Amino acid sequence: MKKIRQFFVVISIASISSSLLFSTVKLFGSYFQQAPTEANTEVTSAASKLADQARGYELVLQREPKNQIALEGLAKVRIELNDLPGAMETLDQLIRLNGDRENYKKQLAQIKHSMSH
């Protein structure tokens with residue numbers, strides 16, 4: 001009788017242990033499989049938001065081509081989107097409108113330097 005009880009205790013412990021192990025592996029396995037997808041979604045979402053911002057600035061500039069706030073915003077967004085030729089074009093416009101602003105010239109020089117390397 002004692003041996004049967006020991007047998008059932010061992011079987012019960014093995015069953016519970018394997019159940020816990022399986023659940024833990026399944027839980028962490030699904031977590032690790034979803035993590036890269038969520039990271040990719042965040043990157044795509046950020047790029048999508050930046051593209052939407054760029055379109056908004058471009059719409060403003062269609063109505064008001066000399067709007068300095070929209071030009072500055074568009075230059076910033078294009079830099080963040082790594083659209084360096086577009087950022088250079090926008091910074092050129094800002095320099096033509098505000099030739100005395102050294103920060104535009106510095107940004108343009110930095111972009112040209114980074115594109116040459």
Side-chain angles (χ1 to χ4, degrees):
M1 188 73 151
K2 219 176 188 185
K3 288 191 178 212
I4 294 176
R5 183 182 281 171
Q6 286 177 344
F7 175 75
F8 282 116
V9 168
V10 169
I11 295 295
S12 295
I13 290 173
S15 174
I16 291 171
S17 298
S18 65
S19 234
L20 287 173
L21 179 64
F22 179 74
S23 298
T24 305
V25 167
K26 187 174 181 178
L27 174 70
F28 286 113
S30 65
Y31 172 77
F32 288 120
Q33 288 175 354
Q34 290 175 356
T37 304
E38 290 172 7
N40 290 342
T41 302
E42 289 175 17
V43 169
T44 303
S45 177
S48 177
K49 286 179 184 178
L50 288 171
D52 288 344
Q53 287 178 357
R55 281 189 291 278
Y57 289 127
E58 289 166 352
L59 287 173
V60 170
L61 291 168
Q62 285 177 359
R63 292 187 312 264
E64 304 171 47
K66 295 181 180 181
N67 185 315
Q68 187 169 337
I69 294 170
L71 285 167
E72 288 176 350
L74 184 58
K76 181 179 182 264
V77 168
R78 285 179 171 172
I79 290 169
E80 290 179 26
L81 286 169
N82 204 28
D83 176 11
L84 300 183
M88 287 175 54
E89 176 186 322
T90 307
L91 287 167
D92 278 335
Q93 289 175 310
L94 283 165
I95 291 168
R96 281 193 302 273
L97 294 172
N98 304 290
D100 58 333
R101 297 281 303 266
E102 289 298 316
N103 61 326
Y104 299 146
K105 293 175 185 176
K106 286 180 184 176
Q107 281 185 314
L108 184 59
Q110 287 174 344
I111 291 172
K112 286 180 179 179
H113 179 75
S114 69
M115 288 180 68
S116 68
H117 285 86

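In this text, all values refer to a predicted model and were calculated from it rather than measured experimentally.
The same ILVMFWY cluster, assembled from side-chain heavy atoms under 4.5 Å apart, contains both Tyr104 and Leu108. Residues Leu50 and Ile69 fall into different hydrophobic clusters, defined by Ile, Leu, Val, Met, Phe, Trp and Tyr side chains chained together at heavy-atom separations under 4.5 Å. There is a path of hydrophobic side-chain contacts, each under 4.5 Å, that joins Val77 to Leu84.
Neither side chain, Gln93 nor Glu89, offers a donor N or O lying under 3.5 Å from an acceptor on the other.
Side-chain contact between Tyr57 and Glu72: absent, with no pair of heavy atoms (C-beta onward) separated by less than 4.5 Å. Side-chain atoms of Arg101 and Ile95, non-hydrogen and from C-beta on, never get closer than 4.5 Å to each other. Side-chain contact between Asn98 and Asp100: present, with at least one pair of heavy atoms (C-beta onward) separated by less than 4.5 Å.
Using modelled atom types, one side-chain atom of Lys105 and one backbone atom of Gly99 make a donor-acceptor pair closer than 3.5 Å.
With rounding to the nearest 0.5 Å, the separation of CD in Glu64 from CG in Leu59 is 11.5 Å. For the atom pair Lys106 NZ and His113 NE2, the distance stands at 15.5 Å (nearest 0.5 Å). One distance of note links CZ of Arg55 with CG of Asp52; it measures 4.5 Å at 0.5 Å rounding. Interatomic distance, Gln68 CD to Leu61 CG, rounded to the nearest 0.5 Å: 11.5 Å. Taking CD1 from Ile111 and CE from Met115, the interatomic distance works out to 8.5 Å, rounded to the nearest 0.5 Å.
When all heavy atoms are compared, the tightest approach of Ala87 to Ala75 is CB-O, 4.0 Å. Taking every heavy atom of both residues into account, Leu81 and Ala47 meet most closely at CD2-O, 3.9 Å.
For the side chain to side chain contact (heavy atoms under 4.5 Å, CB included) with Leu97, the lone residue among Leu71, Asn67, Asp92 that qualifies is Leu71.
Listed by first and then second residue, the side-chain hydrogen bond (donor to acceptor under 3.5 Å, both in side chains) pairs involving residues 73-86 are Glu58-Arg78, Lys76-Glu80, Arg78-Thr90 (not counting sequence neighbours).
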